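Following: one structure in structure tokens, then a few remarks.
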Amino acid sequence: MPLTVVLDHPRLRDVVVLQDVTDDGQPLARADVPRAALPAAVAAREAERPRWVWDDTARWYPPLLAAGARVERCHDLRLCHTILRRSVLTRDSELAQSAPGRWDAPSPGEPKAVEVSLFDDPRLASTPAAHAATDEDAPDDSDPLAELQRQFAAVAGADDPGRLRLLLAAESTGALIAAEMRHDGLPWDVAVHHELLTRELGSRPAGGGRPSRLEALAAEVRTALSQPALNLDSQQDLLRGMRAAGLDVESTRKWDIQGLDHPVAAPLLEYKKLARLLSANGWAWMEQWVRDGRFRPDYVPAGVVTGRWASSGGGALQLPTSIRGAVRADPGWRLVVADAAQLEPRVLAAMSGDDAMAAAGRHADLYQGVVDAGIVETREQAKYAMLGAIYGATTGASAMLMPGLTRAYPRAVGLVEAAARAGERGEPVSTWLGRTSPVPDAARMAELRAASSEGAGPADVRAARQQARTWGRFTRNFVVQGTAAEWALCWMAALRRRLRAIDGRPHLVFFLHDEVMVHSPEPVADEVATAIHDAAVEAGRLLFGDSPVDFALQVAVVDSYDQAK
DNA sequence: CACATTGGCGCC
DNA sequence: AGGGCGCCAATGTG
């Protein structure tokens with residue numbers, strides 16, 4: 001399998017170096033290419049299906065896509081470095097032992113202009129210019145080829161290199177997909193969006209100000225509180241206003257207002273809901289983020305410590321259900337929307353080898369499977385018990401269900417409990433493929449140690465134990481959320497490969513933790529649905545081999561996103 | 001003035 | 001309730 005490193009020429013700005021290397025990173029042939037000719041050079045070489053190695057997919061791939069060049073696979077040095085730096089599987093490697101450098105800096109990102117704050121440490125900046133300005137005496141860790149060799153060495157010396165290799169490949173493919181999804185864009189119908197906003201909020205005033213329905217609701221609230229000048233958009237004023245009207249409220253939160261038996265409650269809740277819609281996904285959002293019928297958010301692979309993606313700009317991962325009707329397939333196309341049903345419990349069942357929980361997952365609805373097994377009485381109970389195990393419920397109905405869940409699924413519950421205990425001791429925990437949690441900073445670590453000490457006063461010990469439990473809930477959730485993210489990456493990568501074999505260029509347009517959306521020509525939509533199912537099976541095999549756990553999907557072929565589910 | 005933090009709420 | 005996020009408007013700070 002050929003490997004080609006893509007890097008900036010050390011001196012010539014307009015030249016890019018393509019350096020072929022062996023499987024263990026030893027240099028072979030090298031070609032200098034004018035930067036403008038890079039897409040053509042990449043497209044020509046792509047026939048040999050190389051793995052492209054570069055410092056940052058978000059820097060190199062968008063211009064290639066813009067020029068019409070796509071690549072099948074890559075190795076993203078920055079993302080892979082982050083994994084290897086922290087993983088317990090590579091803790092003794094040179095890479096993990098060396099001082100932090102440019103490979104530990106966040107991506108400057110593409111296509112946003114590079115904004116370098118005066119307060120940023122220039123040694124952590126990853127632009128070539130900034131890098132050139134670093135201290136001449138410092139060891140030069142910036143060479144991509146040298147970094148690739150460090151990464152290969154780290155993986156080769158790891159306890160379980162196969163898992164890490166899979167993780168690094170999935171992570172890198174995810175970076176390709178993130179760039180491709182931004183390039184292709186989510187099909188967005190601004191006319192539908194506009195109608196939807198007008199129906200909910202009333203017509204948009206030409207000179208700014210509140211839409212009519214929102215204004216009417218504000219008037220209702222002021223009347224109900226007998227305060228004609230109240231500013232609803234100020235939390236402080238609103239809280240004072242409610243208290244002046246004799247209401248016993250703690251805050252202006254929805255939760256607090258819902259409990260009120262007062263005429264202000266209904267219009268205020270409606271106002272808050274609509275004000276949120278207007279500010280988060282209203283006309284201003286539409287004008288800022290939708291161009292030529294496409295919403296193009298910036299996806300940030302591994303933007304979350306657990307390995308989940310984050311996004312920046314437009315709130316792509318928080319699209320409210322109320323506006324999903326604006327996501328519409330082009331004429332002659334369909335949206336194939338799929339989500340993994342109860343992914344996290346299924347992942348927990350697989351990684352813990354809990355066959356009883358796997359049996360519950362034989363049911364398309366795992367929670368119903370838990371009910372059918374007689375563990376709890378209702379689906380709601382099953383759901384809350386399971387989420388309680390994964391999130392670390394300590395009180396309330398969910399905590400009450402834990403003993404029963406523990407008896408039924410001792411291995412699954414044991415795994416998350418062990419992760420929680422490790423976190424409480426300040427130890428790192430790892431996902432199935434080896435992504436490892438950060439350890440507490442010095443201050444928190446001291447707190448965690450105090451939690452188990454005898455010397456401190458009772459009040460201090462109580463506070464410290466609280467801290468320890470908080471960190472334990474983080475590590476408890478980390479192993480499950482992070483492994484689910486790994487499954488989802490493998491699912492998406494397997495799907496992407498299968499889509500390439502289908503006519504008409506069906507392509508991924510959205511990804512949301514456990515959900516994917518493919519924009520597909522109508523005639524092949526059913527083929528795409530099959531590919532999504534097959535990819536889920538493949539992801540399960542890749543991670544868990546012949547584990548008996550099913551990864552059930554809900555798949556829908558629709559015209560608009562709101563028709564799914 | 002710009003920037004950072006907070007409250008609140010959207011998503012999984 | 002309990003895990004992970006991002007965004008907006010209001011508010012706080014240098």
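Labels below follow one simple rule: chain letters A, B, ... track the order of the sequence lines, proteins then strands, and each chain is numbered from 1. What you see is a predicted model; the values in this text were computed from it and never measured.
Between A/His193 and A/Met286, the closest heavy-atom pair is ND1-SD, 3.3 Å. Closest approach of A/Leu387 to A/Tyr367, counting heavy atoms only: CD2-OH, 4.1 Å. Nearest heavy-atom pair across A/His519 and A/Leu335 is CD2-CD2, 3.8 Å.
With DNA chain C read from its 5' end, the first of the two nearest nucleotides for A/Gly396 and A/Gln481 is the one closest to A/Gly396.
Regarding A/Leu214, its CG atom lies at a distance of 12 Å from the P atom of C/dA9, rounded to whole Å. Look at CG on A/Asn281: it is 15 Å from C1' on C/dA9, rounded to the nearest Å. Atom P of nucleotide C/dG2 and atom CE of A/Met400 are separated by 16 Å, given to the nearest angstrom. Going from atom CZ of A/Arg210 over to atom P of C/dC8 covers 18 Å, rounded to whole Å. A straight line from CG of A/Leu232 to C1' of C/dC8 spans 16 Å, rounded to a whole angstrom. Atom CG in A/Leu277 sits about 13 Å away from atom P in C/dA9, given to the nearest Å. Distance, A/Leu238 CG to C/dA9 P: 17 Å, rounded to whole Å. Distance NE2 (A/His513) to P (B/dC11): 12 Å, rounded to an integer number of Å.
A/Asp233 and A/Tyr271 are linked by a side-chain donor-acceptor pair at a separation below 3.5 angstrom, with hydrogens and angles left out of the test.
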Report all side-chain donor-acceptor pairs from residues 436-446 of chain A shorter than 3.5 Å, counting only partners two or more places apart or in another chain.
| unit_1 | atom_1 | unit_2 | atom_2 | d |
| --- | --- | --- | --- | --- |
| A/Thr436 | OG1 | A/Val88 | N | 3.0 |
| A/Thr436 | OG1 | A/Ser430 | OG | 2.7 |
| A/Thr436 | OG1 | A/Gly434 | O | 3.3 |
| A/Ser437 | OG | A/Val429 | N | 3.0 |
| A/Ser437 | OG | A/Val429 | O | 3.4 |
| A/Asp441 | OD1 | A/Ala443 | N | 3.4 |
| A/Asp441 | OD1 | A/Arg444 | N | 2.9 |
| A/Arg444 | NH1 | A/Gln467 | OE1 | 3.1 |

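Using a 4.0 Å heavy-atom distance criterion, A/Thr395 is classed as a base contact. Within 4.0 Å of A/Ser234, counting heavy atoms only, lie sugar-phosphate atoms of the nucleic acid but no base atom. Among the heavy atoms of the strands lying under 4.0 Å from A/Gly315 are primed sugar atoms or P, OP1, OP2 only; no base atom is included. Counting any heavy atom pair closer than 4.0 Å across all strands shown, A/Arg324 reaches sugar-phosphate atoms only and no base atom. Within the 4.0 angstrom heavy-atom criterion, only backbone atoms of the sugar-phosphate kind lie near A/Gly313; the bases stay farther away. In this structure, A/Ala316 reaches neither bases nor backbone, as no heavy-atom distance under 4.0 Å exists between it and the strands shown. A/Tyr384 comes within 4.0 angstrom of a base, heavy atoms only. Nucleic acid contact for A/Val305: sugar-phosphate only, since backbone atoms but no base atoms lie under 4.0 Å from a heavy atom of the residue. Among the atoms of the strands shown, none is found under 4.0 Å from any heavy atom of A/Glu344.
The ring pair (Phe, Tyr, Trp, His ring centres under 6.0 Å) test with A/Trp188 is passed by exactly one of A/Trp289, A/Phe510, A/Tyr561, A/Trp285: A/Trp285.
Distances from the side chain of A/Ala393 to the nucleotides C/dA9, C/dG3, C/dA1 place C/dA1 closest. Taking every side-chain heavy atom of A/Arg308 into account, C/dG4 is the closest of C/dG4, C/dA9, C/dA1. Comparing C/dA10, C/dG6, C/dG3 by their closest approach to the side chain of A/Asp233 singles out C/dA10.
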**Message:** Across nucleotides 2-10 of chain B, 5' to 3', mark each nucleotide with B, S or - according to how protein heavy atoms within less than 4.0 Å reach it.
**Reply:** -----BBBB
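A cation-pi arrangement is found for A/Arg163 relative to A/Trp432, the charged atom lying closer than 6.0 Å to the ring centre and inside a 45° cone about the ring normal.
The ring pair (Phe, Tyr, Trp, His ring centres under 6.0 Å) analysis of residues 388-431 of chain A, with sequence neighbours excluded, yields no pairs.
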